[in-house]
Amino acid sequence: MTSTAAPSISAAPGGPSLPQERRLVTEVPGPRSRELFERKSAAVAAGVGVAVPIAVVAAGGGVVVDADGNSLIDLGSGIAVTSVGNAHPGVVAAVQEQVAAFTHTCFTITAYEGYVEVAEALNRLTPGDHEKRTALFNSGAEAVENAVKIARKHTGRQAVVVFDHAYHGRTNLTMALTAKNQPYKNGFGPFAPEVYRVPMSYPFRDGLTGAEAAKRAISQIEKQVGAENTAAVLVEPIQGEGGFVVPAPGFLTALSDWTTANDVVLIADEVQTGFARTGAMFASEHEGLVPDVVTTAKGMAGGLPLSAVTGRAEIMDSAHVGGLGGTYGGNPVACAAALAAIDAFEHDGLVERAEAIGTILLDRLRTAQASDARIGDVRGRGAMVAIELVDPATGEPDPGLTGAVVRYAYEHGVIALTAGTYGNVVRFLPPLAIDDALLGEGLDVVLEGLAAA
Ligand SMILES: *Cc1c(COP(=O)(O)O)cnc(C)c1O
């Protein structure tokens, strides 16, 4: 494209048939990306930040292509969303068919089969073989809000217990549930009441066993909140934005034993960990955890906005008719996309693929750690793996180094994301559609960035 008159940046065909290669034809960001960012500054609220300053025109498999013709290796999946791959052919076909049939009715006005089918699939796939019900929403935050509403209605109690380093969204209630002040909460209060934060199991930083960490958390709930006031304990089975913190074995099941004994609803927030991401359909499965309620979103619908709350029938049905819903929740196009994506998760071996990606990531990163003391910890499961970067002398978090590595990566054609309360975690959550060669090359570039910093 040579025209300088055309003000717009047009989309190009994407999907898995895009050349699966890292290809840089300009510096990153290139001139057309920079042009878009000038328009963005003038048109888009400053609070909406962009981590990797490129203008995307197409994506698929393991690559993202920008308006300058650069092809970047995708190690972020738009935050664990495009697990089946961007513009997955099955998702595209299902969306095209649905969008041409009808785009919206509002499920609470007139019903359609796709919504019920997604509910049936979630009831079947989420952990536990008890009778379940599902309600659909638009975003992860909205799912979490509704899970809390349902738990409160069911128990007649108000308190919600959450953990250090937790991330549950950016709406008012979910800001209160989220731990980290910057950037999620700062100046946006007052926050919703009856939210209580207790210590998470964080083996790298607390050195506790799962049982010890659970005892510490439960003791704090009993002393400071009271089981009889507690509607729900809300936990990410592996923390996402908090830095891919994998709790010590036994932590989650000890919490579950306590919630069951005290008629508290255990909500597993699987918005980031769900749908094959961790090498199991849901991360709870690694610990044999059967949550009362599960929230899902991100990976479920191949990039279309859809979220869900799935739980024990008697808990879910405690909300009165009309008490749950929303204009767009369970939009038919998003449901069609989800059904195609779920078909891919189940029948294209994506759970196994996530596990294999995890083996590659953990092997490479542990090898790197053996000769680089700045890599304090390597952790994660399946295609959800992170390194925590520290000052080798003190063990203190090194967010400056983390930022430099991620910047080096995108300037050299690899999209990698940061995370963590201390901003010192580089996280890897590639599309499960990435091939081994591209994944290896992406890791090479990130580790080069670490060596160069
Ligand atoms: C991303 C995320 C959310 C919020 O989802 P949105 O769709 O951004 O509202 C909630 N919980 C977890 C664990 C997440 O990773």
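None of these values were measured; they are calculated from a predicted model. As the structure lists them, so they are numbered: ligands from 1, and atoms in each ligand from 1.
The distance criterion of under 3.5 Å between nitrogen or oxygen atoms is not met by Glu241 with respect to ligand 1. An N or O contact shorter than 3.5 Å is missing between Glu236 and ligand 1 by distance. Considering backbone and side-chain atoms together, Val144 places no N or O closer than 3.5 Å to any N or O of ligand 1. In terms of polar-atom proximity, Glu142 is not counted as a contact of ligand 1, lacking any N or O under 3.5 Å from an N or O of the ligand. Residue contacts with ligand 1: Val271 is placed with no nitrogen or oxygen under 3.5 Å of a nitrogen or oxygen of the ligand (distance criterion only).
Within a 4.0 Å radius of atom 8 (O) of ligand 1, the protein contributes no heavy atom.
Distance from atom 6 (P) of ligand 1 to its nearest protein heavy atom, with residue and atom name: Gly140 N, 3.4 Å. Nearest protein heavy-atom contact of atom 4 (C) of ligand 1 is Ala141 N, 3.6 Å.
Outside the 6.0 Å centre-distance limit, the rings of Phe244 and Phe428 are not counted as a close aromatic pair.
Side-chain contact check for Glu270 and Thr295: no donor-acceptor pair (N or O, by modelled atom type) lies under 3.5 Å. Side chains of His165 and Thr421: a donor-acceptor N/O pair is present below 3.5 angstrom, by distance only. Looking at Lys185 and Thr178, their side chains never bring a donor and an acceptor atom within 3.5 Å of each other.
How far CG of Leu173 is from CD of Glu142: 12.0 Å, rounded to the nearest 0.5 Å.
Not a single donor-acceptor pair under 3.5 Å links the side chain of Thr230 to the backbone N or O of Ala159.
Heavy atoms of Gly240 come nearer than 4.0 angstrom to ligand 1 in no pair at all. Using a 4.0 Å cutoff on heavy atoms, Lys298 counts as a contact of ligand 1.
Remark: Phe275 pairs with Phe282, Phe345 by the ring-ring contact (aromatic ring centres under 6.0 Å, His included) rule, at least two apart or across chains.
In Ser139, the parts holding a heavy atom less than 4.0 Å from any atom of ligand 1 are both the side chain and the backbone.
Using a cutoff of 4.0 Å between basic side-chain nitrogens and carboxylate oxygens, Arg124 and Glu346 are scored as salt-bridged.
The closest heavy-atom contact to atom 11 (N) of ligand 1, among the options Thr178, Thr296, Asp269, Thr171, comes from Asp269.
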